[in-house]
Every structure is written in C-alpha cells, then in structure tokens.
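Let me begin by presenting the structure, written as structure tokens, before commenting on it.
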Amino acid sequence: MSDQPAFESMPVEKPVYEPVHFRIGGVRYLNAVPLEWRLEEIAAGQNATVSVEKDVPSVLARKLVAGEYDAAIIPVVEAMRHPELVQVSDACIASEGVVASIRLLCLKPVTEVETVGLDENSRSSAAMVGVCLRERFKRNPQEVPFCWEEMDKPDFYREAGCRKLAEALRAKGLDAVLMIGDDALVLPRTMPGFASVMDMGQCWTQWIGLPFVYASWFARPGADGERLSRIFNECRRAGQVEMDLLCIHEAMKRRLPIDMCHDYLTRKLRYRLGGRERRGVEVFCKMTQKYGLVPLGSDIIFEANRRKFAE
C-alpha cells in the first residue's frame with residue numbers, strides 16, 4: 001500500500017494585484033454603514049488605497065457618471081438610466097416589509113392625493129412612490145421637488161410640532177410628502193394633523209410580494225470591477241459580523257438610540273443581493289419604464305448574472 005495520502009490539498013492561489021487607488025462615493029445615511037464598514041482596512045488587504053466622499057445617493061450617482069468616482073453606492077433607478085455603469089458585488093441596500101426610513105406623510109387619504117413633494121436625494125425612493133401612487137392607488141399626482149433642508153425640522157419630531165409641519169406643507173400646496181433617511185427614523189409614533197404616514201417599504205412588499213432594492217455598488221466603465229467586488233463583499237461581511245459594535249458607534253455619532261439603530265440595521269434592512277432581490281428590481285424596472293421614469297429597454301446586468309453567463 002502506498003504511503004502517499006489519498007489526496008493532497010492544493011494551496012489556494014490568491015490574486016496578486018498591482019497597487020491602485022480607488023475614489024469611492026459613500027452614502028451619508030445610517031443604512032449604508034454596514035456596506036462601508038472597515039473599507040480602508042479591507043481595501044489595503046487587496047493592495048488598494050481608497051478616498052471616500054460621503055453624500056446623498058442622487059449626488060453620488062451624478063458624480064459617478066461624470067467620472068469623479070471609480071465606484072459608488074447609487075440608486076438602482078439611476079443605474080437603469082445609465083447602462084454604461086457596471087454593477088459590482090452582491091452587496092445592496094434592500095428591505096422586505098417595513099423599512100422605517102422611507103415614509104410618505106399624507107395630509108389627505110392616499111386615494112385623494114393630488115400633489116406630492118418628492119425628496120429626490122434618493123431617486124429610487126421617489127420613483128417607487130410615483131409607481132405605487134399610479135399603479136396601486138390609481139392616482140396621477142403632480143410631483144413637486146421638495147427639499148427638507150429648507151424646513152425648520154427639529155421641532156417636527158415631537159408630536160406638538162406635527163401640526164406645525166402639516167400647516168407648512170399645506171401652505172406649499174402639498175397633499176403628501178416623501179421623507180427619507182435618518183430623519184424618517186425619528187418621526188413620532190403618532191402625527192397629529194396627518195391623515196396617515198405610509199411606510200413605503202411595507203407598501204411595496206405587501207403589494208408586490210418581493211423585496212425592494214434601493215441601491216447597490218456600481219462602478220464606472222474600465223474600473224477594476226473584480227477587485228472592487230472583493231472589497232465591497234468583504235465590507236458587507238465585516239459589517240454583519242461586527243453589527244453590535246457598528247450600532248454603538250453609529251448611535252453615538254448620530255445621537256440616536258442604540259436599540260433603534262440595531263433594530264433598523266438588523267431587522268428592517270437586508271444587504272445581500274440574492275435572487276428575490278434581483279426579481280424585485282426586474283419588476284420595478286418594468287414599472288418605471290411603463291411610466292416613463294427610465295428609458296424603454298432599461299435593464300441592470302447584475303454581477304451574479306454576468307458570472308453565470310460567462311461560465
């Protein structure tokens with residue numbers, strides 16, 4: 001009998017990369033932190049350095065298209081409008097059910113809404129509201145660009161300030177307004193002066209039965225997509241593993257309750273772009289085309305699909 005083992009494990013060869021510097025666009029909201037966790041450290045492990053600029057998703061998309069970034073987290077609806085962009089990694093920002101950070105504040109019953117103010121800092125959320133109002137609630141409201149930065153918001157997060165907010169919105173001729181991001185998380189449970197406050201993540205999933213994907217990592221043409229994918233996937237895994245530490249860190253930084261941050265990041269959001277998430281994007285893509293929100297024929301070729309086709 002041979003003294004040789006039945007098999008020998010072969011060493012796994014890791015890619016040898018040349019040094020590179022990536023310009024990265026990161027989202028300033030809490031929901032993106034698990035996708036950017038330890039980004040500089042993880043990039044260094046791939047022989048890369050990074051410079052990160054934080055902004056709202058719509059601005060990140062514009063700068064990525066302009067070539068100011070090598071990669072950025074951008075709204076999926078913006079990727080549909082720019083097919084030259086390349087989706088990288090299996091990381092995303094998505095929800096299936098209540099999301100808490102995307103809410104439609106209605107002064108009237110939703111079936112009577114004629115004007116809606118849209119915060120376009122997140123284009124996917126604004127497009128989702130437009131699709132839901134038209135397709136689910138059979139409304140075709142006038143859409144008005146709305147900037148929350150112009151509002152005196154701090155007092156609005158107490159119940160006593162809600163009526164003041166309702167009056168301010170009514171003075172602008174609005175029946176409803178979209179609120180996104182960290183601001184939406186801290187709205188009071190009851191809001192006097194409003195007919196309803198709709199959680200748009202819940203609205204979508206109850207209606208369509210699929211997750212909604214708000215944003216993902218996209219790269220400019222010619223960027224090192226393979227290395228970026230490795231970096232972003234590892235950031236997502238690190239964020240999940242160190243979620244407790246991440247929540248404490250961000251709660252202190254943003255002056256939010258730790259339990260609120262933990263519940264939001266672990267129960268309200270999901271960060272992996274799986275099959276159900278991709279199907280949700282496909283449905284959303286068809287609906288946005290129907291209403292002229294993106295060009296006909298728009299599509300996103302996900303990294304997982306590119307690899308499958310290449311095999």
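- Shown here for Val213 and Cys92, the closest heavy-atom pair between the two residues is CG1-CB, 4.1 Å.
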Stepwise side chain to side chain contact (heavy atoms under 4.5 Å, CB included) check, Val110 with Arg139: CA-CA 8 Å; Val110 67; Arg139 306 301 300 165; 5.7 Å; no
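- Without hydrogens or angle criteria, Arg278 side chain to Leu273 main chain gives a donor-acceptor distance under 3.5 Å.
- Atom CD of residue Glu226 and atom CD of residue Gln46 lie 9.0 Å apart, to the nearest 0.5 angstrom.
- The aromatic rings of Trp217 and Phe232 sit parallel to each other, their planes meeting at less than 30°, with 60° as the upper class boundary.
- For the atom pair CD of Glu277 and CD1 of Ile93, the computed distance is 13.0 Å after rounding to the nearest 0.5 Å.
- With contacts defined as side-chain heavy-atom distances shorter than 4.5 Å, the pair Ile301/Gln87 does not qualify.
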Could you give me the CA-CA distance, side-chain angles and deciding distance for Met200 and Val99, then say whether side chain to side chain contact (heavy atoms under 4.5 Å, CB included) is met? CA-CA 7 Å; Met200 294 308 300; Val99 68; 5.7 Å; no
With a 3.5 Å cut-off and sequence neighbours excluded, list the donor-acceptor pairs that the side chains of residues 173-180 form with protein atoms.
{"from": "Asp175", "atom 1": "OD2", "to": "Glu114", "atom 2": "N", "distance (Å)": "2.8"}
{"from": "Asp175", "atom 1": "OD2", "to": "Thr115", "atom 2": "N", "distance (Å)": "3.2"}

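- Going from atom CZ of Arg254 over to atom CE of Met260 covers 13.0 Å, rounded to the nearest 0.5 Å.
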Between Ser229 and Glu303, is a side chain to side chain donor-acceptor pair (under 3.5 Å) present by the stated rule, with each step listed? CA-CA 9 Å; Ser229 178; Glu303 182 186 57; 2.8 Å; yes
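- Between Ala127 and Thr288, the closest heavy-atom pair is CB-CG2, 4.4 Å.
- Leu169 is listed as a side-chain neighbour of Phe194, based on a closest heavy-atom distance under 4.5 Å.
- In this structure, Arg220 and His82 have side chains that are not in contact, with every pair of non-hydrogen atoms separated by 4.5 Å or more.
- Grouping Ile, Leu, Val, Met, Phe, Trp and Tyr residues whose side-chain heavy atoms lie under 4.5 Å apart, directly or via other members, leaves Val98 alone, with no other cluster members.
- Under the 4.5 Å side-chain criterion, counting only non-hydrogen atoms from C-beta, Val116 is not in contact with Gln142.
- Between atom CG of residue Leu269 and atom CG of residue Asp263 there is a gap of 10.0 Å, rounded to the nearest 0.5 Å.
- Heavy-atom minimum distance, Ala126 versus Leu118: O-CD1, 4.0 Å.
- Smallest separation of non-hydrogen atoms from Gln289 and Gly297: OE1-N, 2.7 Å.
- Ion pairing between a basic and an acidic side chain is recognised when a charged N comes within 4.0 Å of a carboxylate O; Glu234 and Arg38 show no such pairing.
- In terms of hydrophobic clustering, with Ile, Leu, Val, Met, Phe, Trp and Tyr side chains grouped at heavy-atom distances under 4.5 Å, Trp207 and Leu293 are assigned to a common cluster.
- Taking the side chain as every heavy atom from C-beta outward, Val283 and Trp204 approach each other to under 4.5 Å.
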Go through the steps for Phe146 and Lys172 under the test side chain to side chain contact (heavy atoms under 4.5 Å, CB included), then give the verdict. CA-CA 10 Å; Phe146 186 84; Lys172 291 180 176 291; 3.7 Å; yes
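- Linking Ile, Leu, Val, Met, Phe, Trp and Tyr whenever their side-chain heavy atoms come within less than 4.5 Å puts Ile42 and Leu245 in one cluster.
- The two residues Cys203 and Arg136 make their nearest non-hydrogen contact at O-NH1, 2.9 Å.
- Val281 and Tyr291 end up in the same hydrophobic cluster when Ile, Leu, Val, Met, Phe, Trp and Tyr side chains are linked at under 4.5 Å.
- Taking SG of Cys247 as the start and CD of Glu242 as the end, the distance is 11.5 Å to the nearest 0.5 Å.
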Taking distance alone, no hydrogens or angles, what donor-acceptor pairs closer than 3.5 Å link side-chain atoms of residues 56-69 to residues at least two apart or in another chain?
{"from": "Ser58", "atom 1": "OG", "to": "Glu120", "atom 2": "O", "distance (Å)": "3.3"}
{"from": "Ser58", "atom 1": "OG", "to": "Asn121", "atom 2": "O", "distance (Å)": "3.3"}
{"from": "Lys63", "atom 1": "NZ", "to": "Glu53", "atom 2": "OE2", "distance (Å)": "2.7"}
{"from": "Tyr69", "atom 1": "OH", "to": "Glu53", "atom 2": "OE2", "distance (Å)": "2.5"}

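- The minimum heavy-atom distance between Cys285 and Ser298, with the atom names listed, is SG-O, 3.1 Å.
- Residues Met80 and Phe284 have side chains in contact (heavy-atom distance under 4.5 Å, counting atoms from C-beta outward).
- Aromatic ring pairs are classed by plane angle as parallel below 30°, tilted from 30° to 60° and perpendicular above 60°; the pair Phe212 and Tyr214 is tilted.
- Among residues two or more places apart in sequence or in another chain, the salt bridge (Lys or Arg N to Asp or Glu O under 4.0 Å) test is passed with Glu96 by Arg270, Arg276.
- The closest side-chain heavy-atom distance from Ser196 to Met198 is below 4.5 Å.
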May I have the list of side-chain donor-acceptor pairs in residues 27-36 shorter than 3.5 Å, sequence neighbours left out?
{"from": "Glu36", "atom 1": "OE1", "to": "Lys54", "atom 2": "NZ", "distance (Å)": "3.2"}
{"from": "Glu36", "atom 1": "OE2", "to": "Val27", "atom 2": "N", "distance (Å)": "2.9"}

Quick one, Leu265 with Tyr271, criterion side chain to side chain contact (heavy atoms under 4.5 Å, CB included). Give me CA distance, side-chain angles, the key distance, then yes/no. CA-CA 9 Å; Leu265 295 177; Tyr271 292 100; 3.3 Å; yes
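- When hydrophobic clusters are built by joining Ile, Leu, Val, Met, Phe, Trp and Tyr residues whose side-chain heavy atoms come closer than 4.5 Å, directly or via intermediates, Ile258 is grouped together with Met252.
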For Glu282 and Arg279, run salt bridge (charged side-chain N to carboxylate O under 4.0 Å, His left out): C-alpha distance rounded to whole Å, both residues' side-chain angles, the deciding distance at 0.1 Å, then the answer. CA-CA 5 Å; Glu282 290 168 0; Arg279 288 195 294 275; over 6 Å; no
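- For residues 201-213, no pair satisfies salt bridge (charged side-chain N to carboxylate O under 4.0 Å, His left out), with sequence neighbours left out.
- Electrostatic pairing of Glu135 and Lys290 counts as a salt bridge here, judged by a charged N lying under 4.0 Å from a carboxylate O.
- Within a 6.0 Å radius of CD in Glu84, more than 12 heavy atoms belonging to other residues, nucleotides or ligands are found.
- Contact of the Tyr264 side chain with the Leu256 side chain is not registered, since no non-hydrogen atoms from C-beta on lie closer than 4.5 Å.
- To the nearest 0.5 Å, atom CD1 of residue Ile248 and atom CE of residue Met243 are 12.0 Å apart.
- A salt bridge does not link Glu167 with Arg170: every distance from a Lys NZ or Arg NE/NH1/NH2 to an Asp or Glu carboxylate oxygen is 4.0 Å or more.
- Of the possible polar contacts, none joining the Asp199 side chain to the Arg103 backbone as a donor-acceptor pair under 3.5 Å is found.
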